[in-house]
Amino acid sequence: MIRDTIHDIIARAVAALREQDEVPNVELPAFDVERPQATAHGDYATNVAMKLAAAAKSAGQKVNPRALGETIAARMRETVALVPAYDLVESVEVAGPGFINIRLKSAWLLEQVGRVVAEGNSFGTITLGRGRRVNLEFVSANPTGPVTVANGRGAFIGDALGSAMRAAGFDVTQEYYFNDSGAQIEKLGRSLEYYLRLARGEADAQKPEEGYFGPYYETVAARMLEGDAGALLTLADDERAAEIGQAAAALIMSDIKETMAKLRIEFDVFFKQASLEPSGELAAAIEEMRAAGYTEERDGALWLTTTRFGDDKDRVIVRSSGEPTYFASDVAYMRNKFHRGFDRLILVLGPDHHGYIARLKAVARMLGHAADDLHVLLYQLVTVKGMRMGKRLGNVVTLDDLYDEVGPDVTRFFFLMRSSDTNLDFDLDLARKQTDENPGLSVQYAHARAAGVFRKAAEQGIAESDWAGADLGMLAGDPPEQRERELALVRQLLRLEEIVERVAVALEPHHLTRYGMDLADAFHLFYDTCPILKTGADVTREVRDARLRLLRAAQAGLARTLTLLGMSAPERMERAEPSEPAHAPA
RNA sequence: GUGCCCGUAGCUCAGUGGAUAGAGCGUUGGCCUGCGGAGCCAAAGGCCGGAGGUUCGAAUCCUCUCGGGCACGCCA
C-alpha cells in the first residue's frame with residue numbers, strides 16, 4: 001500500500017539521521033501516517049517529529065519538534081531523490097507544531113489509474129491477513145420465526161465484514177448456528193399444534209399461554225399440513241410438542257435461508273446445535289472440561305469455573321436433572337470450531353449478549369487458546385422509522401418486510417451506514433426515495449453513469465481497444481479545475497485499500513458505506529466538470545481516451561466497493577414503480 | 001446494585017491522540033439547448049452533555065457526574 005511506502009521513507013530517513021547523530025538517539029516510537037483532513041496539507045501527514053521529540057524528552061533530551069521536523073523532512077527529500085521506488089513523492093513540507101506533510105506527484109497518481117484498471121475485480125485486495133483462518137459467526141437467530149431487524153443487523157455486519165476480511169487476505173468461513181433444540185423448540189411445537197388444530201377446524205384447539213403467535217405461524221401450519229404434519233398431532237403427549245417443533249423449525253430454517261439468500265447474505269456453514277449431541281461432541285466437551293479440572297459439582301449440578309478466567313460468576317453446564325445447559329452446547333461448539341483449525345473466532349452478537357463475553361472468553365482460555373483468539377462484535381439496537389406494523393409478525397419488522405419495501409441493495413446500505421456500537425434508526429421514508437436524496441442509490445448511480453458513457457462510446461464506434469493504452473499523462477495538461485477533479489477522483493480510488501485494511505483491523509464495516517459516498521461524490525464532480533464524449537465540448541482525442549481510461553478505473557472502484565457491501569453494481573438505473581405506503585390511507 | 005453501549009449541526013450519524021470538528025437528510029438561495037438533472041454550486045446551522053485530570057496537543061485517553069438505552073437464570 002502507498003501508506004506503507006510513505007512509512008518506509010520516514011523510517012529510513014530517521015534511521016540514517018540517527019546513525020549520524022543528527023536526531024536524538026532514542027528508539028523510534030510508533031508514529032502515524034495518516035491522510036490529513038485538509039487537502040491543503042497534502043496526501044499524507046506524519047507526526048513522527050512530535051513523537052520522537054516526546055521520546056527524547058522522556059530520555060532527558062530537549063528537542064524542538066518543529067526543528068526536528070525540518071531535519072527529518074530534509075533527509076526525506078534526499079531519500080526520495082535517491083531511491084527510484086520512492087519516486088511517487090512530490091514534496092515534503094513541515095507545518096504547524098511539526099507535522100511533516102507529504103504530497104504525491106500528479107503524474108504518479110495518474111499512472112495508478114492503469115493499475116486500477118488492470119486489477120479490476122481484485123482492486124482493493126491486500127495481504128494483511130496472510131491467509132489466516134477466521135471463523136465468522138453471525139445472525140444465528142433461533143429457528144422459531146422470521147429474522148427480525150433486531151437480530152438481522154448482524155447479518156449485514158457479518159456479511160460485509162466477511163467480504164472485507166477476505167479482500168484483506170484472510171481465509172474466512174461465514175457460519176450460522178441454529179439453536180434447533182431445547183425448550184424453545186417445544187414451545188414452538190405447542191404453538192404450532194394450536195395453529196395446526198385451528199387449520200383443521202378443531203373448535204376446541206387450546207392456545208398456549210406463552211408461545212409464538214402471528215400471521216406467519218398460520219402460514220407455517222398451513223404449509224406443514226401440505227405434508228404429513230397431521231400425523232404428528234396423534235403422537236403421545238411426551239413427544240408431540242418436540243416433534244411438531246422440530247418439523248416447524250426445519251421449515252422455518254428453510255425460510256431463514258431463503259431470506260438470507262434474497263438479501264445476498266452468504267454462509268459457508270449452517271451449523272445445527274442439535275448435531276452436537278449425536279456426534280458425541282457435547283459429552284466430549286463436558287468431559288474435557290472435567291478432566292482439565294475446570295468443573296465443580298455443587299447442589300447436584302456441574303459448574304464450569306469460568307471465574308478462574310475473569311467471569312463474574314461460575315456457570316452451570318449440567319443441571320441437577322442431568323440435562324446439559326445451552327451453555328454446554330456453546331462450549332462444545334467453540335471446541336468444534338477450534339478443532340476445525342481456525343486461528344480466530346469472531347462472533348457478531350446483539351446487544352443483549354454482552355453478558356456472555358466474559359464466559360465465552362473464559363471458555364476459549366479453557367480450550368487452550370488466548371482470550372483474544374475469540375472476538376465478540378456487539379452491535380446495538382435497531383429501530384425502524386416509517387413502518388408501524390410488520391407484515392409477518394405484526395408488532396415486529398422483519399428482514400423480509402424491508403426486502404419487500406426497499407429491496408436488497410438499499411436495505412444493505414442502510415444497515416451498514418452506522419457504526420455497530422451505536423443505535424441504528426432505519427429511516428424507511430428516506431430509503432424508499434428513488435432520488436438523489438437516497439445515499440445508497442447515489443453510489444449505484446455513479447456506477448450506472450459510468451456504464452452509460454461506455455454505452456454511448458460504443459454507439460459512436462469507440463472501442464475499448466482504442467483507449468486501453470491511452471496516455472494518462474495527457475490529463476496533467478488539463479485546465480486546473482478539471483485536473484484537480486481528475487486527481488481528486490484518483491485519490492479517492494486509491495483510498496480503497498486503506499479502507500479495506502481499516503475495516504478488517506477494526507472490524508468496522510460501516511466505513512465502506514461512507515467511502516462509497518465519498519467515491520461517488522468524487523465521481524460525480526469529475527463527471528460534471530470533465531466532458532468526455534459531450535458533443536460540442538472541445539476535447540481532444542487523446543484527452544478523451546485518457547478520461548475513458550480513468551472512467552473505467554472509477555467504474556471498477558465503484559463496482560468493487562458495491563460488491564464489498566454486497567450490493568449490485570447496475571449498468572443502468574431503472575426507476576421502480578413507487579411502492580405502496582405500508583400504512584396506506586383507508 | 002453491577003456491567004456494557006450511546007450523548008457531536010434542526011434530524012440521523014461519521015470522526016485513527018493531531019492542524020480551521022465533517023457527511024447525509026432537512027432549511028435557504030443559485031445552475032437545465034450538451035456524456036442520464038437520480039446531477040452540480042453556495043449559504044445558514046456546533047461551549048463535541050457537564051466538571052476535573054493526563055499530554056507539546058483531547059470530541060477521542062483517565063476519574064467523577066448528569067441524561068438515554070440494554071443486560072445481569074440450574075432460560076434459550
Side-chain N,O ([X]) to OP1/OP2 ([N]) below 4.0 Å:
X: A:His511; N: B:G15; result: yes
X: A:Gln37; N: B:A19; result: yes
X: A:Arg514; N: B:A23; result: no
X: A:Lys313; N: B:C72; result: no
X: A:Arg315; N: B:G73; result: no

Check against side chain to side chain contact (heavy atoms under 4.5 Å, CB included), A:Arg153 and A:Gln380:
CA-CA 9 Å; A:Arg153 186 175 183 187; A:Gln380 296 299 314; 4.1 Å; yes
Checking all strands, does [X] fall into the base, sugar-phosphate, or nothing category for heavy-atom contacts under 4.0 angstrom?
X: A:Arg418; value: base
X: A:Ser419; value: sugar-phosphate
X: A:Ala45; value: base
X: A:Asn179; value: nothing
X: A:Ser181; value: sugar-phosphate

ring centroid sep under 5.5 Å plus plane angle under 30, A:Phe99 with B:A19
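Yes, A:Phe99 stacks on the base of B:A19, since the ring centres sit under 5.5 Å apart and the planes are within 30°.
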Would you say A:His510 stacks on B:A14, if stacking means ring centres under 5.5 Å apart and planes within less than 30 degrees?
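A:His510 vs B:A14: stacking no.
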Determine, for A:Arg547 against A:Glu486, whether the closest basic-nitrogen to carboxylate-oxygen distance falls under 4.0 angstrom.
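Between A:Glu486 and A:Arg547 there is a salt bridge, with a charged N closer than 4.0 Å to a carboxylate O.
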Basic-acidic side-chain contact under 4.0 Å: A:Arg315, A:Asp311:
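Salt bridge: yes.
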Side chain of A:Leu381 only, please: which of B:A76, B:G69, B:C35 is the nearest?
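The closest nucleotide is B:G69.
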Is a side-chain N or O of A:Asp180 found less than 3.5 angstrom from the main chain of A:Gln273, in a donor-acceptor match?
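Side chain of A:Asp180 to backbone of A:Gln273, a donor-acceptor pair under 3.5 Å: yes, one is there.
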Kindly label the base of B:C32 as syn or anti, based on whether its glycosidic torsion lies within 90° of 0.
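Syn conformation here, the glycosidic angle of B:C32 being no more than 90° from 0.
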